[in-house]
Amino acid sequence: MQLKTRLSIVALMCAASFQVASQEMDDVMVVTADRFDSSPEQRLTLVNTIERAEISQIDPKSVVDLLEQLPGVSVTRTGGAGQTASVSIRGANSDHVLVLVDGARISSATLGSASFNGLSPEQIERIEVVKGPRASVWGSDAIGGVIQIFTRKYAQGEGFIGAQFGSNNYSRFSAGTGISHGDGLTSLTVSNEQSDGFDAKRDDETDDDGYDRLSVGINGLQNITDQWSINWNGQYSTGNYEYDSWGGNEADYDNYYLNASAQYQSDSWGTQFFLGQSQDSNENFRDGVDGKSLYETTRDQISWINQFTVNDVLTLNAGADYISEEVEGYYAQNERDISAVFALARVDLGQWLLEGVIRYDDVENIDSETSYNLSAAYRFNDKWRMSVGYGTGFKAPTFNDLYWPDSGNPDLTSETSTNLDVTLSYTSDHYNAYVSVFDTQVDDLINWVNTGVKDEYDWDIYRPENVDEASIQGAEFGVNFDVNGLEHTLSYTYLDTENELTHAELEGRSEHEADFSLAYPISDWDLRLDYHYQGKRKDGAQYNDAYHKVDASVGYTLAQHWQFRLKANNLFDEEIISNSSYYGPGAEWYLSVSYNKF
């Protein structure tokens, strides 16, 4: 991960101990923070990125394997790479994280959270993770932050083909290529993988929980003139995964997104019109037994966003979003529309950088929400910078919350939040570092409360209510630097959480979490070591034990195009339990070969 703003304190401590190689850190443009390309000097929110070169070295089996290595990002697993997993940013709920793929929302409107098990890491070009509330830019769900995944792009004659085999009868075959057409190109990728899995459920049943998935992607660009261009993106994922639960033991999914955009860019004005559709479809059933439960969301999205560069001092962004959601199932209401407008103003006064954002969302059948963000940064010099941000966010109730048969509550309101963030950053040719402290308060959290009434089968009836309040304080830091060719990345996150009604610690959060990675490229070889520490987490009436996880990877490039890689996950076979009902993966080994042409 290239941590774009870094912990200055750690950088200075390391400077006292190491002779550092003189290598300039890579600064890249990001789009997720304000929906237009922005350089590091323009950002007033913390952004972490994962680039393709590092994804290849890490060689993950799932998207959450990548996200888990970022500071402030925590993962809860219910098995291996093909099973479901939830992602939290800075202690927020998993459904308080907005997940996008090439600009398209992929979360379920019934369950509220996004599914990562249908995404193949082999098809990912880069990931941007924005910390803190961005509801004022993106709308509902972005309380903890935003994760945007960008798929791979290839020019004419570029591409790859690869295969991998490993533990639990794992296999993967993937390929990608680029096709040019005039002043444009289209990239095509495909990935097919399967695994017998392992026995994930902590019970008396001893069957393996395997999975298979097929993903096909397209990513295209056509330049019409020097100023006009059109883009198109799409991905289709289908697969099956096994699990153990009283309600079922197998699931099929068919997910897709398709979008197209037209963009105009001049020296002072940029505009983009975005049109897309996505579907999240999941059928759960028990093998050999009739009857299925279907969770399906179809979402249409239209966006029009603009950026005006008035002069060297003032930049204005403004736009409008329209989202139409439709779900399958026996709901009293199975569709809703969301309309929104937003505006952003950024003022660059040299040492001072100021930004204000305001957004209005009208969610059908729910109260409207106005969210905002105010930020300021002071540049002490070309290396040191202090930024402060205060913002609000919201999460609209899901269809399950509102309209689940016999127990939904149509009178629910949106969950709301306030967030204060202070970040000190340091950037030089030798180090990138940051330290950030944050305070998040979430009100009107939806909790399914026992009504005291029983159904015809003598089961308790639960009903969702806006009853809970949460307080989350914490700090995180990250630093990366080189020492005689060794690339180091170190990060740590501290969380202090509380349910303000019960004064109990929030479940599923670790007080301490840390990551360290060491990469060493030498000649035709690259070596990488990743360490992850997850502190104990509350899970019901008990705590899941802390654990240490070590991964190692060795790659060798032959004749510039052929690459061989040996990867070991959980090298010391640590018992990983992030959900008390499930085991995480044990020690795993993988061997891959690929042909790459760039």
Side-chain angles (χ1 to χ4, degrees), residues 60-68 73-89 93-124 127 129 140-142 144 146-149 151 191 193-195 197 200 209-217 234-243 245 247-258 276-285 292-299 301 325-329 395 398-400 508 578-579 582 584:
K61 294 296 156 288
S62 66
V63 177
V64 295
D65 290 345
L66 292 169
L67 297 172
E68 188 175 41
V73 180
S74 186
V75 171
T76 301
R77 304 172 188 268
T78 59
Q83 280 72 39
T84 59
S86 60
V87 174
S88 170
I89 296 180
N93 290 342
S94 61
D95 59 356
H96 291 166
V97 177
L98 175 61
V99 182
L100 309 163
V101 180
D102 291 326
R105 288 173 174 255
I106 64 168
S107 62
S108 167
T110 56
L111 300 176
S113 55
S115 173
F116 293 94
N117 60 347
L119 296 169
S120 173
E122 190 68 13
Q123 296 175 286
I124 297 174
I127 300 176
V129 178
S140 178
D141 303 357
V146 182
I147 298 170
Q148 181 154 204
I149 299 168
T151 55
S191 177
E193 60 186 288
Q194 69 84 35
S195 173
D209 300 310
Y211 71 93
D212 62 80
R213 61 187 175 199
L214 170 67
S215 299
V216 180
Q235 186 167 27
Y236 171 70
S237 301
T238 183
N240 170 278
Y241 61 94
E242 299 169 339
Y243 62 97
S245 173
N249 64 1
E250 197 167 344
D252 292 333
Y253 61 86
D254 287 280
N255 302 333
Y256 73 83
Y257 73 89
L258 292 168
Q277 183 181 83
S278 62
Q279 184 181 88
D280 176 83
S281 179
N282 196 302
E283 287 186 313
N284 296 72
F285 56 94
K292 297 184 178 183
S293 57
L294 174 67
Y295 303 91
E296 182 173 291
T297 299
T298 302
R299 180 181 288 111
Q301 305 174 66
E325 297 177 333
E326 183 177 355
V327 300
E328 294 287 338
K395 162 70 178 178
T398 68
F399 279 82
N400 285 0
S578 55
N579 180 318
Y582 296 90

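Throughout, residue positions are numbered sequentially from 1 according to the sequence presented.
- The backbone N or O of Arg77 sits less than 3.5 Å from a side-chain atom of Ser578, completing a donor-acceptor pair.
- Closest heavy-atom contact between Gly103 and Leu100: O-CD2, 4.1 Å.
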task: Evaluate the side-chain hydrogen bond (donor to acceptor under 3.5 Å, both in side chains) criterion for residues Thr238 and Asp254: first the C-alpha distance (whole Å), next the side-chain angles of each, then the deciding distance (0.1 Å), finally the verdict.
output: CA-CA 4 Å; Thr238 183; Asp254 287 280; 2.8 Å; yes
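- Here the closest heavy-atom approach between residue Thr297 and residue Ser107 is recorded as CG2-O, 4.4 Å.
- Two residues are said to be in side-chain contact when any heavy atoms from C-beta on lie closer than 4.5 Å; Ser115 and Asp280 meet this criterion.
- When Glu325, Gln277, Arg105 are each tested for a side chain to side chain contact (heavy atoms under 4.5 Å, CB included) with Gln301, only one passes: Arg105.
- In terms of heavy atoms, Gln83 sits closest to Gly210 at NE2-O, 3.6 Å.
- Every residue two or more places apart in sequence or in another chain that forms a side chain to side chain donor-acceptor pair (under 3.5 Å) with Thr298 is listed here: Gln279.
- Rounded to the nearest 0.5 angstrom, Tyr582 OH and Thr78 OG1 are separated by 5.5 Å.
- Between atom CG of residue Leu67 and atom OG of residue Ser74 there is a gap of 11.0 Å, rounded to the nearest 0.5 Å.
- Rounding to the nearest 0.5 Å places CG of Asn240 at 12.0 Å from OH of Tyr211.
- Taking every heavy atom of both residues into account, Asn117 and Tyr253 meet most closely at O-OH, 3.5 Å.
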- prompt: Hey, mind stepping through Val87 and Phe116 against side chain to side chain contact (heavy atoms under 4.5 Å, CB included) and telling me if it holds?
  reply: CA-CA 9 Å; Val87 174; Phe116 293 94; 3.6 Å; yes
task: Assess whether side chain to side chain contact (heavy atoms under 4.5 Å, CB included) is satisfied between Leu119 and Ile106, documenting all intermediate values.
output: CA-CA 11 Å; Leu119 296 169; Ile106 64 168; 4.2 Å; yes
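- Between the side chain of Asp212 and the backbone N or O of Glu193 there is no donor-acceptor pair closer than 3.5 Å.
- For Glu296, there are no salt bridge (charged side-chain N to carboxylate O under 4.0 Å, His left out) partners, not counting sequence neighbours.
- The shortest side-chain heavy-atom distance between Leu111 and Thr398 does not fall under the 4.5 Å cut-off.
- Atom OG in Ser195 sits 15.5 Å away from atom OH in Tyr241 (nearest 0.5 Å).
- In this model, no donor atom of one side chain and acceptor atom of the other lie less than 3.5 Å apart for Ser120 and Ser215.
- In plain terms, the two heavy atoms of Gly217 and Gln123 that are nearest each other are N-NE2, 3.6 Å.
- Taking CD from Glu328 and CZ from Phe399, the interatomic distance works out to 11.5 Å, rounded to the nearest 0.5 Å.
- Listed for the Asn282 side chain is no donor-acceptor partner under 3.5 Å among the backbone atoms of Ala251.
- If you take CD on Gln235 and CG on Asp102, they are separated by 8.0 Å, rounding to the nearest 0.5 Å.
- Annotation: side chain of Val327 is not in contact with side chain of Asn400 (no heavy-atom distance under 4.5 Å).
- Judged by distance alone, the side chain of Lys61 and the main-chain N or O of Gly80 form no donor-acceptor pair under 3.5 Å.
- With respect to Ile124, the side chain to side chain contact (heavy atoms under 4.5 Å, CB included) criterion is satisfied by exactly one of Val101, Thr151, Ile149: Ile149.
- Of all the heavy atoms in Val75 and Glu68, the pair that sits closest is CG2-CB, 3.8 Å.
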